[in-house]
Q: 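To start, I am sharing the structure in question, which I have written as structure tokens.
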2 protein chains.
Amino acid sequence: MTTDRPIPSELPENITLEMVARTAGVSPATVSRILNGSARVSERKRAAVEAVIKELNYRPNALARGLAQGRTNSIGVLTQDIASPFYGEALRGIENALKDTGAIPLIVSGHWLLRDEVERLEHLLSRRVDGLIVLTGSLPDEMLLRYATEVPLVVTGRDLEGPNLMSLRFDDYVGARMATQHLIDLGHKRIAHVAGPLDHFDSIERLRGYREALVDAGIQPDDDLVVHADFHEPGGLLAINQLIAARTPFTAVFAANDQSAFGARLALHSHGIRVPEDISVVGFDDLPVSNYVVPPLTSVKQPAYEMGEIAARALVGMIHGEPAKGRLPQPELIVRASSRPLRR
Amino acid sequence: MTTDRPIPSELPENITLEMVARTAGVSPATVSRILNGSARVSERKRAAVEAVIKELNYRPNALARGLAQGRTNSIGVLTQDIASPFYGEALRGIENALKDTGAIPLIVSGHWLLRDEVERLEHLLSRRVDGLIVLTGSLPDEMLLRYATEVPLVVTGRDLEGPNLMSLRFDDYVGARMATQHLIDLGHKRIAHVAGPLDHFDSIERLRGYREALVDAGIQPDDDLVVHADFHEPGGLLAINQLIAARTPFTAVFAANDQSAFGARLALHSHGIRVPEDISVVGFDDLPVSNYVVPPLTSVKQPAYEMGEIAARALVGMIHGEPAKGRLPQPELIVRASSRPLRR
DNA sequence: CTGTTAGCGCGTTCAC
DNA sequence: GTGAACGCGCTAACAG
């Protein structure tokens, strides 16, 4: 041990593997082998090294390790909004699935902006992540395919086939049909739809499910009943205000996601319209909080947490060279108190 | 350019700085200088190199760079729950403040478990983050002080002084007083409190604020009115159910956070008790969604987003050797429709 | 089983 | 201005 360092540096010097090796009286390679279990080491040396590691409080340098090994034990996750309740659940699922693999998720946000998404992905790749999970977003398919040539990639919210790539899509169309059908079954005919942004594939599919359920039930879809919003609470509120201002009659609302359903419900409330007595409301996503709003919201369950888990597990498999596999559960309608039979 | 590689490797080989240098006909050092602006380079070479970088789609290896420079341009963020609506806002603030600094946040979750928190922090440090933001959590002060000897550290939710460390604490006590005083001003005397977990400093402070506001108003605090919950919706719901089952009379509820206020509000609803007509409800945090629940929730605004921004900005400053600085805004009560004068 | 050697891809002296 | 040489901390390949 070098005890005659003249100036004790301010910052505690980082302990290196080489220092551990020297103090334990072995070679760096041996320490490395113990750390990685990459070869058998005599019990005596192992004990000595482990003691030194503990004593010196040695912490391996992940950068150096990554450089040498060519893998970083980290996977990049592109979400869109770090505070989104929906994607938040997906992130929880990812975290949980990764927990015991030794890998750590590097989470960045794309804000639904192509520019941000590309910039963030490049950032992740320059950090040499071992794989990538892209939660929906607005990247063109070709770009995803190209990124998949660099690292294994799992993308949600679209159907896409390609080498080194897996996609996970929830059936928005069927989910929207179930929600609409539920309202039809309750006797509703004038069903409004608070749509999502129409540059989102999910929104389009949900709108289509809504329309086709109506048609199949012999109800003529009325464009006046479709209001466009943005998947957020204020948008849902404005949408219903519009509808009311235009005096368009309706007895039920199917919102393209729970957040806009919350806004819609508040708009109804401030007009003195009761839910579900006067008007039924159905959402989409089944956020954790939707079970605790008043009245609890009937909603199509989107398995966000499971989606995260499935994506992460599949990605880890792909990184280890296994074929991509994993499927999302089928849509499911969770009926709660916000919807009830039309009173006549 | 080496065109005679016999076997085209499956994975596209990573472009290295050295390859860029060779194709551009300059030395690696020159490319490095251009990349980092660390020295003047002739316009001719610069143009040539930049062209090659674009053409080869060169992406610098952040690991190698970190190893060589001793900094990684990443800062570690320990949150508690990646899907928490409250901490989610803080993360947004952090992301935003870091956006133009070139640094990227590495976000990990501690789940309020000491074990997880330590493990995650060690993970971040082994990745050689340049600094650390710890969002509350349950680490003892001494540990934080020790971590601060390794990297600059900002911690929220507590008061702590130390070298290389900054703490940011919101005044929970004053906030709770404001909430309680608001209800007192409205004529309420039987005010229930749905408390948070009592191993959280915030919970204790909010309970204290509640109690002292009552005392100062000449109202004798009644322990029967204090129910313990867990900062989550189900806990708030159970708490109110308990209160009702025990037939403890009350006309208002102050919940230790918005999520338990939601649960409380639902419990009241399912007992046919109206808010605010029969009972007033006040929360704490002012989550984004609290403005959109029915009725919109009166709440103490905790500036989570700003907190994240302030923490990140301060940390960046500290990393650059500036003294720690930054303060949180004062508590503020946002009055909405969930509270109203006691009818007599 | 163990030590020695040679990189991983960059930044950074230090000469020229 | 520019290039050659070395080192960041670690793993891998090769000897023994």
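Convention: sequence-line order gives letters A, B, ...; per-chain numbering from 1.
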Q: Just so I know, are the side chains of B:Ser109 and B:Arg120 near enough to count as touching, which here means a heavy-atom distance under 4.5 Å?
A: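 Side-chain contact under 4.5 Å: no.
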Q: Is the phosphate of C:dT12, meaning OP1 or OP2, less than 4.0 Å from a side-chain N or O of B:Ser32?
A: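 No, B:Ser32 has no side-chain N/O under 4.0 Å of OP1/OP2 on C:dT12.
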Q: Contact between B:Arg128 and B:Leu67 at the side-chain level, heavy atoms closer than 4.5 Å - yes or no?
A: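 No. Closest side-chain heavy atoms not under 4.5 Å.
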Q: Rounded to whole Å, how long is the line connecting atom CG of A:Leu63 with atom C1' of C:dG11?
A: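 Computing the A:Leu63:CG to C:dG11:C1' distance gives 14 Å.
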Q: 5' to 3' on DNA chain D, which nucleotides open and close the contacts with chain A (atom under 4.0 Å from a heavy atom)?
A: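 Extent of the interface on DNA chain D: D:dG9 to D:dA13.
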Q: Specify the separation, in whole Å, of atom CD of B:Glu18 and atom P of C:dG9.
A: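 In whole Å, C:dG9 P lies 9 Å from B:Glu18 CD.
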Q: What's the verdict on side-chain contact (heavy atoms from CB on, under 4.5 Å) for A:Leu121 and A:Leu132, showing C-alpha distance, side-chain angles and the deciding distance?
A: CA-CA 9 Å; A:Leu121 279 185; A:Leu132 235 28; 4.0 Å; yes
Q: Between B:Arg65 and A:Arg40, which has a closest nucleotide on DNA chain C that is more 5'?
A: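 Closer to the 5' end of DNA chain C: A:Arg40.
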Q: Expressed as a whole number of angstroms, how long is the span from B:Arg33:CZ to C:dG11:C1'?
A: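 Going from CZ in B:Arg33 over to C1' in C:dG11 covers 10 Å.
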Q: Is there a side-chain contact between B:Asn36 and the phosphate of C:dG11, meaning an N or O under 4.0 Å from OP1 or OP2?
A: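 Looking at the OP1 and OP2 atoms of C:dG11, one of them is under 4.0 Å from a side-chain N or O of B:Asn36.
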Q: Go nucleotide by nucleotide along DNA chain D from the 5' end; which of B:Leu67 and B:Val41 gets its closest nucleotide reached first?
A: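 Checking each residue's closest nucleotide, the 5'-ward one belongs to B:Val41.
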Q: In whole Å, I'd like the distance from the CG atom of B:Asn14 to the C1' atom of C:dC10.
A: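 Computing the B:Asn14:CG to C:dC10:C1' distance gives 13 Å.
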Q: Please state how far atom CZ in B:Arg71 lies from atom P in C:dC10, giving the value in whole angstrom units.
A: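 Computing the B:Arg71:CZ to C:dC10:P distance gives 16 Å.
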Q: Take the protein atom CZ of A:Arg127 and the nucleotide atom P of C:dC8, then report the distance between them rounded to whole Å.
A: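 Rounded to the whole Å, the gap is 22 Å.
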Q: Using atom CG of A:Leu17 as one end and atom P of C:dG7 as the other, report the distance to the nearest whole Å.
A: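 These atoms are roughly 20 Å apart.
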Q: Is a donor from one side chain sitting under 3.5 angstrom from an acceptor on the other, for B:Ser138 and B:Glu117?
A: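 Yes, side-chain donor-acceptor contact under 3.5 Å.
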Q: Answer yes or no: is there a side-chain heavy-atom contact under 4.5 Å between B:His111 and A:Glu95?
A: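 B:His111 reaches A:Glu95 side chain to side chain.
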Q: Quick one, A:Arg65 with A:Asn73, criterion side chain to side chain donor-acceptor pair (under 3.5 Å). Give me CA distance, side-chain angles, the key distance, then yes/no.
A: CA-CA 10 Å; A:Arg65 199 188 282 224; A:Asn73 272 319; over 6 Å; no
Q: Could you give the CD-to-C1' distance, from B:Gln69 to C:dG9, as a whole number of Å?
A: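 It works out to 12 Å between those atoms.
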Q: Reckon B:Pro28 touches a base, only the sugar-phosphate, or nothing at all at heavy-atom distances under 4.0 Å?
A: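 Counting heavy atoms under 4.0 Å across all strands, no contact is made by B:Pro28.
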Q: Run the numbers on B:Glu50 and B:Tyr58 for side chain to side chain donor-acceptor pair (under 3.5 Å), then give the verdict.
A: CA-CA 10 Å; B:Glu50 280 170 349; B:Tyr58 168 66; over 6 Å; no
